[in-house]
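Each remark here refers to the structure printed beneath this line.
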There are 2 protein chains.
Amino acid sequence: MPDGELNTGLLLYIPYRWLENRVFQALAEAGFDDITTAQMKIMQRIGPDGTRLTELAEQAQVTKQTAGFLVDQLEKAGWVERVPDPTDRRARLVHIAPRGLEAIPVATAAVKAAEAEWEAHLGTRRMAQLRRLLAELREITDPYA
Amino acid sequence: MPDGELNTGLLLYIPYRWLENRVFQALAEAGFDDITTAQMKIMQRIGPDGTRLTELAEQAQVTKQTAGFLVDQLEKAGWVERVPDPTDRRARLVHIAPRGLEAIPVATAAVKAAEAEWEAHLGTRRMAQLRRLLAELREITDPYA
DNA sequence: GGTATTAAGTCAGAGACTCTGACTAATGTC
DNA sequence: GACATTAGTCAGAGTCTCTGACTTAATACC
């Protein structure tokens with residue numbers, strides 16, 4: 001699978017991976033050095049009022065068992081906590097714990113900084129255009145849009 | 001890390017992942033059902049004249065050991081073969097083997113079909129624009145550009 | 001030429017991620 | 001109340017990835 005002209009998949013992946021590296025590095029520098037990318041993919045999808053394991057699994061595109069494993073790790077490390085779902089006694093809601101709340105601004109700042117670099121390179125107008133195009137692509141590629 | 005407005009990272013990742021799924025599915029349907037995504041990330045980076053393990057490792061952003069492990073798997077399954085590098089007796093070049101060559105058109109067709117769907121959704125002009133913007137982003141995010 | 005450093009790759013071991021299959025308990029349907 | 005569905009867990013196996021130590025070949029420098 002040689003390239004010729006790089007396919008759009010790789011063109012999407014390269015900046016994605018770069019951004020992920022940046023966030024990871026920023027977290028590590030701030031002392032949050034015990035989180036993994038797989039765990040981050042779960043964290044990212046926890047809503048403000050908590051989210052069920054099954055829903056996290058679907059959105060992260062992994063099995064319930066995998067999501068359960070990752071939430072176990074996140075819980076042990078103090079990033080999240082599980083609380084009973086008042087509306088369904090089978091279910092529990094995964095919430096972001098205090099330690100997780102501390103990490104959010106660090107991650108957010110890293111993303112913002114990276115996006116600012118991109119905007120400086122592309123120009124404000126074209127960066128907005130890029131986001132708009134990607135948002136449109138999401139309409140046909142994200143089952144949870 | 002709840003969303004608000006989805007960060008650009010996730011906006012890049014969603015279509016990337018969707019495309020990867022498509023290719024994977026197309027390969028499986030064509031009978032190439034014994035390749036993994038990690039192996040594909042290596043395959044994708046093999047040049048027409050073969051590529052060294054170290055270079056594959058760097059570009060795929062994994063250690064030499066990991067790349068070696070993946071190439072072992074790919075070799076066992078007949079996707080690639082290793083041949084001595086005539087210019088350096090320490091090195092070997094990873095080449096795509098006959099079976100790998102058969103899979104390429106299947107993967108390529110899946111990518112093309114997916115890109116066509118995107119183009120139908122965005123319009124020709126805007127799809128080209130998207131690719132142009134991503135290519136520009138690559139300039140500052142791909143150390144191997 | 002000869003020694004030191006660097007580069008390509010392997011071996012060994014451990015930890016992290018992910019899956020399939022089988023299961024329990026609570027909920028929903030008729 | 002019986003039956004199917006949904007949320008989640010337990011157990012086991014395979015895959016991916018890393019760190020550290022090593023071998024062999026090439027390169028740098030004197």
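All values reported here derive from a predicted model rather than from experimental measurement. In what follows, chains are A, B, ... by sequence order, proteins preceding strands, each numbered from 1.
As rounded to whole Å, 19 Å separates atom P of C/dC17 from atom CD of B/Q39. Computed from coordinates, the B/E75 CD to C/dT10 C1' distance equals 13 Å when rounded to whole Å. With rounding to whole Å, B/M43 atom CE is found 14 Å from D/dC16 atom P. Counting to the nearest Å, the P atom of D/dT15 and the CG atom of B/D72 are 13 Å from each other. B/E55 places its CD atom 12 Å from the C1' atom of C/dA8, with the value rounded to the nearest Å. In this structure, B/K64 atom NZ and C/dG9 atom C1' are separated by 6 Å, rounded to whole Å. Distance B/F69 CZ to D/dT15 P: 7 Å, rounded to the nearest Å. A/E58 places its CD atom 10 Å from the P atom of D/dT6, with the value rounded to the nearest Å.
Here A/T66 does not reach the OP1 or OP2 of C/dC17: none of its side-chain N or O atoms lies under 4.0 Å away. When the side-chain nitrogen and oxygen atoms of A/T63 are compared with OP1 and OP2 of C/dT18, none of them lie within a distance under 4.0 Å. Taking only side-chain nitrogens and oxygens, B/R82 never comes nearer than 4.0 Å to OP1 or OP2 of C/dG9. Distances shorter than 4.0 Å separate none of the side-chain N or O atoms of A/R90 from OP1 or OP2 on C/dT27. For B/R89 and C/dG9, the shortest distance from a side-chain N or O to OP1 or OP2 is not below 4.0 Å. The shortest distance between the side-chain N/O atoms of B/Q73 and the OP1/OP2 oxygens of D/dC16 is not below 4.0 Å.
No contact: A/D85 has no heavy atom under 4.0 Å from any strand.
Side-chain contact check for A/R45 and A/T51: no donor-acceptor pair (N or O, by modelled atom type) lies under 3.5 Å.
Mapping A/Q65 and A/T36 onto DNA chain C by nearest heavy atom places A/T36 at the nucleotide closer to the 5' end. Between A/D88 and B/R52, the one whose closest nucleotide on DNA chain C sits nearer the 5' end is B/R52.
Taking each heavy atom of A/W79 and A/A103 in turn, the nearest pair found is CZ3-CB, 3.7 Å.
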Requested in this report: Could you walk me through whether A/D34 and A/K76 pass salt bridge (Lys or Arg N to Asp or Glu O under 4.0 Å), step by step?
Outcome: CA-CA 11 Å; A/D34 58 339; A/K76 272 181 208 151; over 6 Å; no
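A salt bridge is defined here as a Lys NZ or Arg NE, NH1 or NH2 lying under 4.0 Å from an Asp or Glu carboxylate O, and B/E119 with B/R126 fails to meet this definition. Taking 4.0 Å as the cut-off between side-chain N and carboxylate O, A/E115 and A/R22 do not count as a salt-bridged pair.
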